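Quantities reported herein were computed from a predicted structural model and do not represent experimental measurements.
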Amino acid sequence: MTANAQATSRATRVLVLNSGSSSLKYQLLDMADGARLAVGLVERIGEDSSRLAHTPLATGGTKREITERIADHTAALQAVAAELAADGLGLDSPELAAIGHRVVHGGNQFTEPTLITDEVLAEIERLIPVAPLHNPANITGIRTAQALRPDLPQVAVFDTAFHTTMPEHAARYAIDVATADAHRVRRYGFHGTSHAYVSRETAKLLGKDPSEVNVIVLHLGNGASASAVQGGRCVDTSMGLTPLEGLVMGTRSGDVDPAVIFHLARNAGMSVDEIDSLLNKKSGLIGLCGDNDMREIRRRIDEGDEAARLAFDIYVHRLKKYIGAYYAVLGKVDAIAFTAGVGENAAPVREAAVAGLEELGLAVDAELNAQRGDSARLISPDYARVAVAVVPTDEELEIATQAYALVSA
């Protein structure tokens with residue numbers, strides 16, 4: 001066996017990068033067994049108070065932190081590479097098979113993990129008008145990684161890809177077709193890697209193949225979305241052209257009458273940018289009660305805070321509407337899966353979302369719901385027709401799995 005063949009045969013590691021406008025999250029995984037070798041976060045990139053937190057899991061080491069100015073994403077990735085190298089996990093390792101990048105918006109063009117070329121990068125750039133907050137940061141991360149390891153396969157895994165199976169009647173808005181097509185106005189959906197992973201894990205929890213199961217996935221974090229997954233394929237999802245549509249979120253409004261925008265422009269004198277900021281950053285839970293942390297909202301409710309109670313009730317009301325709508329879309333539902341920070345940890349949210357839906361076969365066992373754990377579990381009683389599950393999401397593992405499968409093939 002040649003040296004190159006030997007190197008290829010043992011290249012089982014994937015570095016997953018999630019680049020934000022001022023942050024860089026990363027994980028190094030070994031796909032031979034799915035083990036996490038290192039995890040970390042660089043935040044406040046470009047500020048004087050930049051911080052890098054790195055945990056070397058492979059060596060059982062403790063978390064290390066660096067607090068100094070990190071000028072840009074290039075400097076951030078160089079700092080990450082240095083931390084990995086200190087643990088014997090450097091980017092120059094022959095065991096590194098690929099770098100997988102989370103890319104938020106892939107439009108209709110990218111329906112699966114894609115090897116990044118100049119042409120692919122150019123298309124991601126062309127999608128910036130429909131993802132102005134996300135795709136530029138993702139592109140920066142890709143270019144930075146390419147500069148450090150130009151010889152290594154770089155794979156884009158798109159948040160939107162899982163939702164490209166939606167039928168046209170679910171993906172289209174009811175506006176003039178020519179205008180919509182000219183400006184790429186349609187429903188794309190997001191959190192796709194999470195919805196894909198959780199729907200498969202839910203089927204596994206039920207002891208069935210994903211093709212045999214219909215699941216409503218509720219990804220409830222600071223950003224929140226729902227999806228209707230029929231036999232392993234997404235047929236509807238709550239987010240649309242952007243991640244603003246759908247459920248009530250931490251700082252995003254979710255569904256509103258589009259005329260609210262015209263009303264605020266005409267009567268409040270607000271600019272487009274001001275309205276954009278209002279709906280994306282000053283709405284949702286934080287707009288309703290001043291907090292976007294569900295733990296704090298529950299604490300305030302326990303103390304009798306009416307604003308917190310109303311915010312919680314609005315949040316749950318929207319959840320129930322989507323559960324009912326997606327039940328109707330699917331016709332038959334085998335399971336509802338709660339995931340992400342709120343979905344996995346906020347038992348009162350899960351209980352309230354299902355309460356009153358017994359006629360649909362839904363129920364939560366109070367004792368099971370109150371239990372905490374890191375593994376997928378059922379929280380519905382045995383008699384329930386529809387399983388209710390808590391399924392921890394693992395977007396990094398999903399990205400690494402898809403990237404590794406592509407480069408291995």
Side-chain angles (χ1 to χ4, degrees), residues 7-20 23-42 52-64 76-104 112-116 138 141-142 144-146 148-149 151-159 161-162 191-201 204 219 221 339-341 344 374-376 391-409:
T8 301
S9 68
R10 65 174 184 267
T12 58
R13 295 176 182 173
V14 176
L15 177 64
V16 176
L17 298 179
N18 182 353
S19 300
S23 66
L24 177 66
K25 298 178 184 177
Y26 64 93
Q27 289 195 16
L28 180 66
L29 299 96
D30 191 332
M31 302 315 297
D33 56 7
R36 280 172 177 74
L37 305 179
V39 301
L41 166 68
V42 187
L52 188 159
H54 172 85
T55 305
L57 301 175
T59 60
T62 57
K63 182 165 71 173
R64 303 192 297 266
L77 191 52
Q78 288 172 341
V80 170
E83 292 301 308
L84 290 170
D87 301 316
L89 303 170
L91 296 190
D92 59 350
S93 169
E95 296 179 79
L96 191 60
I99 297 178
H101 297 267
R102 180 200 180 205
V103 179
V104 168
E112 55 190 16
T114 303
L115 197 65
I116 297 171
N138 301 153
I142 291 169
T144 301
Q146 285 178 327
L148 286 183
R149 281 299 305 269
D151 59 312
L152 197 67
Q154 312 267 339
V155 179
V157 178
F158 299 90
D159 268 19
F162 183 64
H191 295 146
T193 51
S194 178
H195 287 279
Y197 177 85
V198 170
S199 60
R200 285 201 316 273
E201 290 298 302
K204 187 186 298 183
H219 176 108
T339 193
E344 293 171 30
D374 297 327
S375 58
V391 182
T393 191
D394 198 332
E395 295 177 85
E396 289 77 15
L397 178 59
E398 180 69 15
I399 292 170
T401 300
Q402 292 191 25
Y404 186 67
L406 178 62
V407 299
S408 297

Could you go through Y26 and H54, starting from their C-alpha distance and side-chain angles, then the distance that decides it, and tell me whether this counts as side-chain contact (heavy atoms from CB on, under 4.5 Å)? CA-CA 9 Å; Y26 64 93; H54 172 85; 2.7 Å; yes
Contact summary for I142 and Q154, nearest pair of heavy atoms: O-OE1, 4.5 Å
Find the distance between CG (L41) and CG (L24) and round it off to the nearest 0.5 Å. 8.0 Å
Quick check: does any side chain N or O of E344 sit under 3.5 Å from a backbone N or O of T393, one acting as donor and the other as acceptor? yes
Under the 3.5 angstrom rule, does the side chain of T193 hit a backbone N or O of E398 as a donor-acceptor pair? no
Nearest-0.5 Å distance, CZ of residue F158 to CD of residue E112: 10.0 Å
For L89, does its backbone N or O pair with a side-chain atom of S93 as donor and acceptor, under 3.5 Å? no
Would you call the rings of H195 and H219 parallel, tilted or perpendicular, taking 30° and 60° as the class edges? tilted
Donor-acceptor check, side chain of T59 to backbone of L57, threshold 3.5 angstrom: yes or no? no
Within this structure, what is the CD-CD distance for the pair Q27 and E396, rounded to the nearest 0.5 Å? 4.0 Å
L84 to A38 - nearest heavy-atom pair and separation: CD2-CB, 3.7 Å
When you measure from the side chain of R149 to the backbone N and O of I99, does any donor-acceptor pair fall under 3.5 Å? no
Is it true that atom CG of D33 has more than 12 heavy atoms of other residues, nucleotides or ligands lying nearer than 6.0 Å? yes
Nearest heavy-atom neighbours spanning L17 and A145: CD1-CB, 4.0 Å
For P392 and Y197, work out which heavy atoms get closest and say how close. O-CE2, 3.5 Å
List the steps and the verdict of side-chain contact (heavy atoms from CB on, under 4.5 Å) for R36 and D394. CA-CA 12 Å; R36 280 172 177 74; D394 198 332; 2.3 Å; yes
Check whether any side-chain heavy atom of L15 lies under 4.5 Å from a side-chain heavy atom of L152, and answer yes or no. no
So, taking the atom named OG1 in T114 and the one named CG in L406, what distance separates them when rounded to the nearest 0.5 Å? 7.5 Å
Okay, side chain of T339, backbone of V391: is any donor-acceptor separation there less than 3.5 Å? yes
Quick check: closest heavy atoms across S19 and G141, and the distance to 0.1 Å? OG-CA, 3.2 Å
Checking the side chain of N138 only, and the main-chain atoms of V104 only, is there a donor and an acceptor separated by less than 3.5 Å? yes
Given the options V16, D87, L96, L28 meets side-chain contact (heavy atoms from CB on, under 4.5 Å) only with L96
For A97 and P153, the nearest pair of non-hydrogen atoms, with its separation, is O-CD, 3.5 Å
State the CG-OH distance between L397 and Y404, to the nearest 0.5 angstrom. 13.5 Å
Distance col, row L148:CG vs L77:CG, nearest 0.5 angstrom, shows 5.0 Å
